[in-house]
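Just below is one structure, and these are the notes that go with it.
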Amino acid sequence: MIYANDFNLRLSIESGQPLTFSSDYKAVGKKLELLTYVTQKGRIHVESAKNNSRDSIINFDYSGDYTRQSAEREVRTRLGLTDDLQEIYAKINTDQFMDNAISALYGMRVTHNDPWETTLCFLVSQFNNIKRIRLIIRRLINEYGEEQKLDGEVFHLFPTSESLSRATVQELMKCGTGFRAKYIRSVAEQCSNNVDLGKFYKMNYAKAKEELMELDGIGDKVADCILLMGYNKYEAFPIDTWIKRVVERVYFKGRKKSIKAIHEFASRRWGGFEGYAQQYLFESGRRNKIGKMVR
DNA sequence: ACCCAGGCGGGCG
DNA sequence: CGCCCGCATGGG
């Protein structure tokens with residue numbers, strides 16, 4: 001059991017982050033959430049006893065080669081519990097809109113995900129919706145992830161880049177990846193040969209983004225998602241259709257702004273924690289359907 | 001049936 | 001640089 005301050009598991013896993021796409025989770029009744037995370041070492045099964053509250057008691061069990069300590073560390077890291085949320089809120093609570101968003105989404109954290117897992121998830125995400133992203137990732141896991149038997153049940157690990165690079169574009173399309181199949185193929189191949197994703201940890205945000213964007217199918221937005229949720233570079237500010245509309249509406253009186261101008265705005269306003277601000281803008285924009293009435 | 005979804009690359013002026 | 005287009009596919 002872990003006691004976590006300022007944490008809401010439901011919000012954190014339902015806000016379209018990679019752990020949502022690649023883990024099994026479901027609501028049981030109205031207050032229990034489950035998260036099953038399978039790694040090479042074994043399986044971690046998380047349930048939160050409390051929901052919609054400022055603090056959570058996180059119950060979890062584990063099997064395989066995890067020890068109690070390593071499992072707890074995995075849970076804390078992956079759920080973003082290693083960050084001081086109060087400090088982050090102090091930085092991003094710059095106005096009434098953000099203040100409302102923080103109140104409504106209190107305890108939502110940016111999760112910490114494996115870089116390759118994050119890369120694949122956001123390649124799949126482009127011009128797609130969250131429900132279908134989840135469906136496609138689940139198919140890729142079942143089709144290309146190494147099989148593991150734990151507790152008499154069969155699980156699949158998240159597919160490696162090597163595994164996916166052996167597939168043809170046509171085979172990848174059978175999982176519903178559509179026009180993204182060629183990007184997945186290309187990036188998987190690069191990541192299993194000449195590109196070591198680990199190197200981006202050591203680079204600063206700007207340099208890492210520049211190099212990520214050289215990969216096929218990774219543009220401005222996907223690169224920022226990878227850097228934010230895969231490397232926890234909080235200067236990243238992914239701009240999707242939601243964020244663009246929310247920022248234009250809330251901060252520019254509805255006037256159209258370029259991607260470049262929005263990046264500059266975010267950097268000036270939330271410098272250092274743009275990514276956290278983005279997660280709150282994204283989720284509150286979606287919930288309130290801000291900008292749904294476009295021409 | 002039609003519309004849209006956590007964009008991107010390529011072609012154009 | 002900005003603008004516009006096509007792109008695969010499942011769910012509303």
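The structure displayed is predicted, hence computed values, not measured ones. Naming convention: chains lettered A, B, ... in sequence-line order (proteins, then strands); numbering from 1 in each chain. The figures here come from the full heavy-atom set of this structure, side chains too, leaving out hydrogens, waters and symmetry mates.
A cation-pi contact links A:R78 to A:Y37, judged by a cut-off of 6.0 Å to the six-membered ring centre and 45° from its axis.
Nucleic acid contact class of A:E283 (heavy atoms, under 4.0 Å, all strands): none. Contact annotation for A:I133: no contact, since no heavy-atom pair falls under 4.0 Å across all strands. Residue A:S15 is in base contact, counting any heavy-atom pair closer than 4.0 Å across all strands shown. Residue A:G219 is in sugar-phosphate contact alone, with no base atom involved, counting any heavy-atom pair closer than 4.0 Å across all strands shown. A:K221 comes within 4.0 angstrom of a nucleotide base, judged by non-hydrogen atoms across all strands.
A straight line from CD1 of A:I239 to P of B:dG7 spans 12 Å, rounded to a whole angstrom. When rounded to the nearest whole Å, the span between CG of A:D220 and P of C:dC1 equals 11 Å. For the pair A:W242 CH2 and B:dC4 P, the computed distance is 12 Å after rounding to whole Å. Atom pair A:F122:CZ and B:dA5:P shows a separation of 17 Å (rounding to whole Å applied).
Once rounded to the nearest 0.5 Å, the distance linking OG1 of A:T20 with NZ of A:K131 reads 14.5 Å.
Side-chain contact check for A:T160 versus A:S192: every heavy-atom pair is 4.5 Å or farther apart. For the pair A:E283 and A:E14, the minimum side-chain heavy-atom distance is 4.5 Å or more. By the 4.5 Å heavy-atom criterion applied to side chains, A:T36 and A:E153 are not counted as neighbours. Residues A:L164 and A:L120 have side chains in contact (heavy-atom distance under 4.5 Å, counting atoms from C-beta outward).
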What does nucleotides 3-9 of chain C look like as a protein-contact string, B for base, S for sugar-phosphate only, - for none, at under 4.0 angstrom between heavy atoms?
-> ----BBB

Intra- and inter-strand pairing of DNA chain B, written as dot-bracket with Watson-Crick and G-U pairs under 3.5 Å and | for the latter, reads .||||.|||||||

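Counting only residues at least two apart or in different chains, ring-ring contact (aromatic ring centres under 6.0 Å, His included) contacts with residues 76-103 of chain A comprise A:Y89-A:Y106, A:Y89-A:Y280.
Taking atom C1' in both B:dC8 and C:dG11, one finds a spacing of 23 Å when rounded to whole Å.
When each of A:L215 and A:F282 is assigned the nucleotide of DNA chain B bearing its nearest heavy atom, the one mapping closer to the 5' terminus is A:F282. For the pair A:G217 and A:F21, nearest-nucleotide mapping onto DNA chain B gives the more 5' position to A:F21.
The aromatic rings of A:H112 and A:Y234 lie perpendicular to each other, with more than 60° between the two planes, well past the 30° mark.
Taking the charged nitrogens against the carboxylate oxygens, A:D220 and A:K209 do have a contact shorter than 4.0 Å, which makes a salt bridge.
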